[in-house]
Amino acid sequence: MTGGAGGTGGASSGGTGGAGSGATSGATAGGTGGAAGGGAGAGGGAVDGSFELAWEDQFDTVDLTRWQLMTHSWDGNLAQFTGENAAVSDGILHLSLTAANDTSKPFRGVEMRSRETLTYGKIEASARFAQGSAVVSSLVLIYTPWPPDDWNELDIEFLGKNTDRVQFNHMVNIPPADPATGHLQFPELVTLDFNPAAGFHDYAIEWVPGEARFYVDGALMHTATEEMARMVLPQNILLTIWASGSPGWAGPVDSSTAPTRAEYDWLRVYRYVGP
């Protein structure tokens with residue numbers, strides 16, 4: 001997610017939406033992909049541990065005691081965020097991207113930001129991401145103070161120009177680089193055997209000291225290890241949909257960009273329980 005005021009750091013360059021920016025429903029306190037026993041994964045230096053359920057949202061309503069509906073944007077985001085584009089029906093959260101009569105921000109999108117933060121743990125959601133060129137929809141963890149004094153971010157992003165892949169990313173700042181402009185990112189585009197915009201699937205991030213693990217439908221798809229010793233800051237959860245101004249990354253704006261929407265059936269948040 002690329003930052004502007006309140007923005008988040010960019011994925012392979014166009015980045016994801018602002019932070020400071022049916023598949024499986026059977027998660028247990030043990031976590032997706034057998035997380036109950038922990039496991040260091042590919043990084044080797046990560047700390048084992050398990051997870052316990054902290055809270056969940058079945059999206060029977062937009063719960064403003066749990067979430068904030070943000071109203072900011074940033075350079076590179078062609079959408080202004082608005083609470084008007086978040087709605088719930090039949091237990092499904094709908095986040096819409098719509099066209100607007102606005103030359104500077106020609107779209108309206110959504111950033112739902114958790115009021116609580118997480119320092120190590122797991123987030124898991126059943127989501128159907130949004131189709132459309134230039135469209136980015138996501139499940140994100142990010143340290144949100146703005147202007148940033150540091151940068152920590154973990155992303156699952158779907159670029160709506162695609163039909164068979166998802167991007168995992170993590171971002172950190174390495175001093176003396178300026179946090180807003182000098183943070184590093186490590187995007188990984190992973191091919192799937194389905195279209196993430198065609199139906200609901202289970203997406204999860206497990207974050208433990210030393211690494212982060214990204215799952216789709218219970219299968220481990222990517223392990224982040226680079227510079228993960230710097231990933232130590234409390235992070236908010238973001239659910240977002242927005243339009244990128246980086247056509248080389250997310251595709252050009254065209255007739256498929258809006259209207260479109262991402263949908264979330266449920267979300268679960270787990271605390272990390274040490275080794």
task: Locate the shortest heavy-atom distance separating Leu154 from Gln235; write the atom from each residue and the value.
output: N-OE1, 3.9 Å

- request: Under the side chain to side chain donor-acceptor pair (under 3.5 Å) rule, what do Ser126 and His201 come out as? Steps first, then yes or no, please.
  value: CA-CA 5 Å; Ser126 176; His201 291 267; over 6 Å; no

message: I'd like to check Ile174 versus Arg230 (side-chain heavy atoms, cut-off strictly below 4.5 Å). Are they in contact?
response: yes

message: Could you measure the distance from the CG atom of Leu93 to the CG atom of Asp63? Nearest 0.5 Å is fine.
response: 11.5 Å

Path from Tyr264 to Leu53 over hydrophobic side-chain contacts below 4.5 Å: yes

- request: Measure the CZ-CG distance between Phe194 and Asp217 for me, rounded to the nearest 0.5 Å.
  value: 5.0 Å

- line: To the nearest 0.5 Å, atom CG of Leu267 lies from atom CD1 of Ile237 at 5.5 Å

- prompt: Think Arg268 forms a cation-pi with Trp55, using NZ or CZ under 6.0 Å from the six-ring centre and within 45 degrees of its axis?
  reply: no

message: If we ignore hydrogens and angles and just use 3.5 Å, is the side chain of His170 paired with the main-chain N or O of Glu227 as donor and acceptor?
response: no

message: When you compare the side chain of Asp265 with that of Phe59, does any pair of heavy atoms fall below 4.5 Å?
response: no

field: Working for side-chain contact (heavy atoms from CB on, under 4.5 Å), residues Met221 and Phe168
entry: CA-CA 9 Å; Met221 305 298 289; Phe168 307 118; 3.6 Å; yes

message: Within the structure provided, determine whether Arg113 and Thr144 are in side-chain contact (heavy-atom separation under 4.5 Å).
response: yes

Using a 3.5 Å cut-off and no angle test, enumerate the donor-acceptor pairs between side-chain atoms of residues 78-85 and protein atoms at least two apart in sequence or in another chain.
from, atom 1, to, atom 2, distance (Å)
Gln80, NE2, Thr71, O, 2.5
Thr82, OG1, Glu84, N, 3.1
Asn85, ND2, Ser96, O, 3.0
Asn85, ND2, Thr98, OG1, 3.0
Asn85, ND2, Arg108, O, 3.1

- request: Name the orientation class of the two ring planes belonging to Phe158 and Phe129 (parallel below 30°, tilted from 30 to 60°, perpendicular beyond 60°).
  value: parallel

field: Cluster overlap Leu189 with Val135, hydrophobic side-chain contacts below 4.5 Å
entry: no

message: Taking Glu116's backbone N and O only, do any of them form a donor-acceptor pair with Ser114's side chain (distance below 3.5 Å, no angle check)?
response: yes

message: Under the criterion ring-ring contact (aromatic ring centres under 6.0 Å, His included), I'd like the reasoning laid out for Trp74 against Trp242: C-alpha separation, chi angles, the key distance, then a yes or no.
response: CA-CA 11 Å; Trp74 64 88; Trp242 56 287; 5.0 Å; yes

Side-chain heavy-atom pair Arg115, Gln68 within 4.5 angstrom cut-off: yes

field: Cluster overlap Met228 with Phe186, hydrophobic side-chain contacts below 4.5 Å
entry: yes

message: Nearest 0.5 angstrom please: Glu263 CD to His94 NE2, how far?
response: 5.0 Å

query: Are Val136 and Leu159 side-chain neighbours, meaning at least one heavy-atom pair lies under 4.5 Å?
result: yes

field: Ile156 and Val140: CA distance, side-chain angles, deciding distance, side-chain contact (heavy atoms from CB on, under 4.5 Å) verdict
entry: CA-CA 6 Å; Ile156 298 176; Val140 170; over 6 Å; no

- prompt: Is it the case that Tyr143 and Asp149 place a side-chain donor and acceptor less than 3.5 Å from each other?
  reply: yes

- prompt: Would you say the side-chain atoms of Ser133 pair up with the backbone N or O of Pro252, donor to acceptor, closer than 3.5 Å?
  reply: yes

query: For Glu153 and His183, what are the C-alpha separation, side-chain angles and deciding distance, and is it a side chain to side chain donor-acceptor pair (under 3.5 Å)?
result: CA-CA 10 Å; Glu153 181 172 352; His183 55 280; 5.9 Å; no

Side-chain H-bond candidate by donor/acceptor type, Ser73 with Lys105, under 3.5 Å: yes

message: Which residue is it: Thr257, Thr260, Asn195? I am looking for the one with a side chain to side chain donor-acceptor pair (under 3.5 Å) to Gln131.
response: Asn195

- prompt: Considering only heavy atoms from C-beta outward, does the side chain of Leu69 approach that of Leu64 to under 4.5 Å?
  reply: yes

message: Minimum heavy-atom separation for Thr103 and Pro106, please, with both atom names.
response: O-CD, 4.2 Å

- prompt: Which one of Phe51, Tyr272, Tyr120 satisfies the ring pair (Phe, Tyr, Trp, His ring centres under 6.0 Å) criterion with Trp207?
  reply: Tyr120

Met171 side chain near Asn169 side chain, heavy-atom distance below 4.5 Å: yes

Least distance between heavy atoms, Leu139 atom then Leu239 atom: CD1-CD2, 3.6 Å

message: What I want to check is whether the side chains of Asp254 and Ser256 have a donor and an acceptor closer together than 3.5 Å.
response: yes

query: Considering all heavy atoms of both residues, which atom of Asn173 and which atom of Pro175 are nearest to each other, and what is their separation?
result: O-CD, 3.7 Å

task: Verify, without hydrogens or angle tests, whether Ser244 (side chain) and Ser246 (backbone) share a donor-acceptor contact under 3.5 angstrom.
output: yes

field: Pair Asp164, Thr191: side-chain N/O donor-acceptor within cut-off below 3.5 Å
entry: no

message: Quick check for you: to the nearest 0.5 Å, what is the distance between Ile123 atom CD1 and Tyr203 atom OH?
response: 13.5 Å

- line: Closest non-hydrogen atoms of Asp155 and Phe214, given as atom of the first, atom of the second and distance, are O-CE2, 3.3 Å

- prompt: If only atom types and distance count, is the side chain of Arg128 paired as donor or acceptor with the main-chain N or O of Ala197 below 3.5 Å?
  reply: yes

- line: Between the CG atom in Leu238 and the CE atom in Met112, the distance rounded to the nearest 0.5 Å is 10.5 Å

query: Does any donor atom in the side chain of His222 or Glu188 lie under 3.5 Å from an acceptor atom in the other side chain?
result: no

field: Asn152 side chain to Val232 backbone, donor-acceptor under 3.5 Å
entry: yes

statement: Tightest non-hydrogen contact, residues Gly91 and Val88, listed as N-CG1, 4.5 Å

task: Say whether Glu206 and Tyr215, considering side chains only, have a donor N or O and an acceptor N or O under 3.5 Å apart.
output: yes

query: Is the closest side-chain heavy-atom distance between Phe200 and Ile92 below 4.5 Å?
result: yes

